[in-house]
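Here's the structure, in structure tokens; my notes come after.
Any value given below was found using the heavy atoms of this structure, including those in side chains, with hydrogens, waters and symmetry copies removed. Keep in mind that this is a model prediction, so the values were computed, not measured.
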Amino acid sequence: MPAADPYVPGHGNRRFAVRSYDLALDYKIATNHLSGRAVLEIEAVETLDQVALDLYGLNVSRVRVDGRQARYTHRERKLRIALATRVKPGGRLRVEIDYAGKPRPMPSVFGPVGWEELTDGVLVAAQPCGAPSWFPCNDRPDDKACYRFAVTVADGYRVVANGVLEGRAKRAGRTTWRFRQDEPMAPYLAVLHIGRYVGTQAGARVELVHPRGIAVGAGTAFARQADMVDLFGELFGPYPFERYTAVIAADVLEIPLEAQTLSTFGVNHVAPDWENERLVAHELAHQWFGNSLTAATWADIWLHEGFACYSEWLWSEASGRRSAAEWASEHHRRLALLPQDLVLGAPGRELMFDDRVYKRGALTLHALRGVLGEVFFPMLREWTTANRWSTVTTPAFVAHVQRYTDADVAGLIDAWVYRAALPRLADSPPAPRVAGWA
């Protein structure tokens with residue numbers, strides 16, 4: 001069967017789409033044991049005689065389809081469920097899967113991804129293919145669904161998952177935390193945090209979740225998290241979800257990572273320096289570019305990382321530091337000294353997280369801004385509004401931008417995105433009108 005996305009071979013299936021996931025999980029931290037029931041509402045895209053889902057390292061004990069026991073096999077990271085009768089395109093199935101075991105990261109060409117035990121808790125960092133490490137899924141970035149989570153852990157631990165906390169209930173020394181994520185979400189963006197955390201409000205819709213005793217307010221990299229939300233809302237359009245949460249784990253983490261409605265940081269990212277503050281801005285920007293608007297294929301990852309990197313430069317300028325034009329000039333000089341062997345719009349899976357994807361993607365947007373001038377941000381706001389909670393492609397972005405200018409957008413994108421040679425950086429565009437944020 002052809003890969004759903006060649007950047008993550010063996011993952012995903014294009015014969016069907018999952019419309020919703022309902023995950024009921026019970027986790028014992030001391031033994032790293034997870035018991036789960038996943039209920040998936042599935043719609044056939046092609047005629048189906050089986051459903052093949054992604055699930056790694058966990059043991060399936062029962063599968064039911066539309067309430068009836070179903071035959072299945074589970075090997076080589078695939079759970080294959082036989083259907084009693086063929087399902088035509090548009091037909092719906094309700095699939096219930098009971099499973100359990102000791103979850104662990106999923107091996108990949110990017111290193112181990114997904115479920116990760118901490119010193120005293122758990123985090124999930126699933127980009128790009130770690131979701132099967134903790135629940136059965138159709139692991140494609142373009143197969144978005146709604147989610148419900150009910151996660152039971154020992155009292156004293158806090159659970160954080162995507163979306164909105166609906167409530168919690170205690171029983172016999174354990175607490176069940178319930179979340180809902182109504183806006184469609186790709187499986188790799190589903191996340192789970194379990195730890196001894198407390199919460200600090202940072203604005204009406206922003207919460208910082210962190211270990212007790214770790215300061216996250218004034219004098220830290222998170223001091224202006226709420227201001228960043230306001231600025232990006234002004235530049236990119238309204239924040240696309242109900243709430244935003246930044247989780248600061250008690251452990252040191254090499255890099256932070258975004259997920260839908262929240263981001264993950266290590267305790268080492270709290271220190272108040274520019275390197276950490278830019279990462280706080282970067283992960284927040286992914287709520288618009290990567291989470292609400294998700295690239296249909298991983299080859300277009302610049303539509304996530306280029307936009308988030310450029311957002312760092314915009315925050316720098318708005319907060320009274322170096323301008324976006326200055327950052328662009330510096331990083332263009334640096335890229336010019338590096339090998340010219342990366343094609344931004346097709347980096348290949350070995351280079352999809354190469355720093356050149358981030359910086360060249362940001363430079364592409366800076367070049368577009370130079371062409372569009374004052375309509376650059378209205379163009380971005382319309383882009384995020386028109387494609388909210390859906391998937392996007394580079395050709396769709398080109399067509400969208402072309403509506404705002406008579407300049408050759410396709411030619412500009414071709415030079416920056418589909419050619420290896422680094423184009424010349426045109427004269428810097430005027431600074432954005434973001435006065436008052438410093």
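Ring pair Phe307/Trp383: centre-to-centre distance not below 6.0 Å. The six-membered or imidazole ring of Tyr188 lies near that of Trp298, with a centre-to-centre distance under 6.0 Å. Checked against the 6.0 Å centroid criterion, the rings of Tyr358 and Trp302 do not qualify as a close aromatic pair.
Salt-bridge formation is detected for the pair Glu43/Arg19: a Lys NZ or Arg NE/NH1/NH2 atom is positioned less than 4.0 Å from an Asp or Glu carboxylate oxygen. Under 4.0 Å is where a charged nitrogen must lie from a carboxylate oxygen, and between Asp414 and Arg419 at least one such pair does.
Between the side chain of Asn13 and the main chain of Val51, no donor-acceptor pair closer than 3.5 Å is present. Under a 3.5 Å cut-off, the side chain of Asn138 and the backbone N or O of Gly12 do not form any donor-acceptor pair. With hydrogens and angles ignored, the 3.5 Å screen pairs a side-chain donor or acceptor of Asp54 with a backbone N or O of Asp139. Judged by distance alone, with hydrogens and angles left aside, the side-chain atoms of His269 form no donor-acceptor pair with the main-chain N or O of Ile248 at under 3.5 Å. Between the side chain of Thr384 and the backbone N or O of Phe236, at least one donor-acceptor pair lies under 3.5 Å.
Atom CZ of Arg243 sits in a crowded spot, with more than 12 heavy atoms from other residues, nucleotides or ligands closer than 6.0 Å. Within 6.0 Å of the CZ atom in Arg178, the count of heavy atoms belonging to other residues, nucleotides or ligands does not exceed 12. Atom CG of Asp406 has 12 or fewer heavy atoms from other residues, nucleotides or ligands within 6.0 Å. More than 12 heavy-atom neighbours from other residues, nucleotides or ligands sit within 6.0 angstrom of CZ on Arg62. Summarising the local packing, CZ of Arg64 is surrounded by more than 12 heavy atoms from other residues, nucleotides or ligands at distances under 6.0 Å.
Taking both residues in full, the closest heavy atoms of Ala299 and Pro347 are given as O-CD, 3.6 Å, listed atom of the first, atom of the second, then distance. Scanning all heavy atoms of the two residues, the minimum distance from His304 to Ala295 falls at NE2-N, 2.8 Å. Closest approach of Phe222 to Leu208, counting heavy atoms only: CB-CD1, 3.9 Å. Pro187 and Asp143 get closest at one heavy-atom pair: CD-O, 3.4 Å.
Residues Asn32 and Tyr27 bring a donor and an acceptor atom of their side chains to less than 3.5 Å of each other. Using modelled atom types and a 3.5 Å distance limit, the side chains of Ser61 and Asp98 yield no donor-acceptor pair.
The closest side-chain heavy-atom distance from Asp354 to Leu342 is below 4.5 Å.
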Could you go through His331 and Trp313, starting from their C-alpha distance and side-chain angles, then the distance that decides it, and tell me whether this counts as side-chain contact (heavy atoms from CB on, under 4.5 Å)? CA-CA 11 Å; His331 286 292; Trp313 303 353; 3.5 Å; yes
Could you walk me through whether Glu317 and Trp327 pass the side-chain hydrogen bond (donor to acceptor under 3.5 Å, both in side chains) test, one step at a time? CA-CA 9 Å; Glu317 183 173 85; Trp327 284 114; over 6 Å; no
CA sep, side-chain torsions, deciding dist, call: Tyr244, Ser263, side-chain hydrogen bond (donor to acceptor under 3.5 Å, both in side chains): CA-CA 8 Å; Tyr244 178 67; Ser263 298; 2.7 Å; yes
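Paired with Glu305 under the rule side-chain hydrogen bond (donor to acceptor under 3.5 Å, both in side chains), one option of His282, Arg360, Lys359 passes, and it is His282.
Relative to the six-membered ring of Tyr7, Arg349 misses at least one condition, a distance below 6.0 Å or an angle of at most 45° to the axis.
Using bins of under 30°, 30° to 60° and over 60° for the plane-to-plane angle, the ring pair His193/Tyr197 lands in the perpendicular bin.
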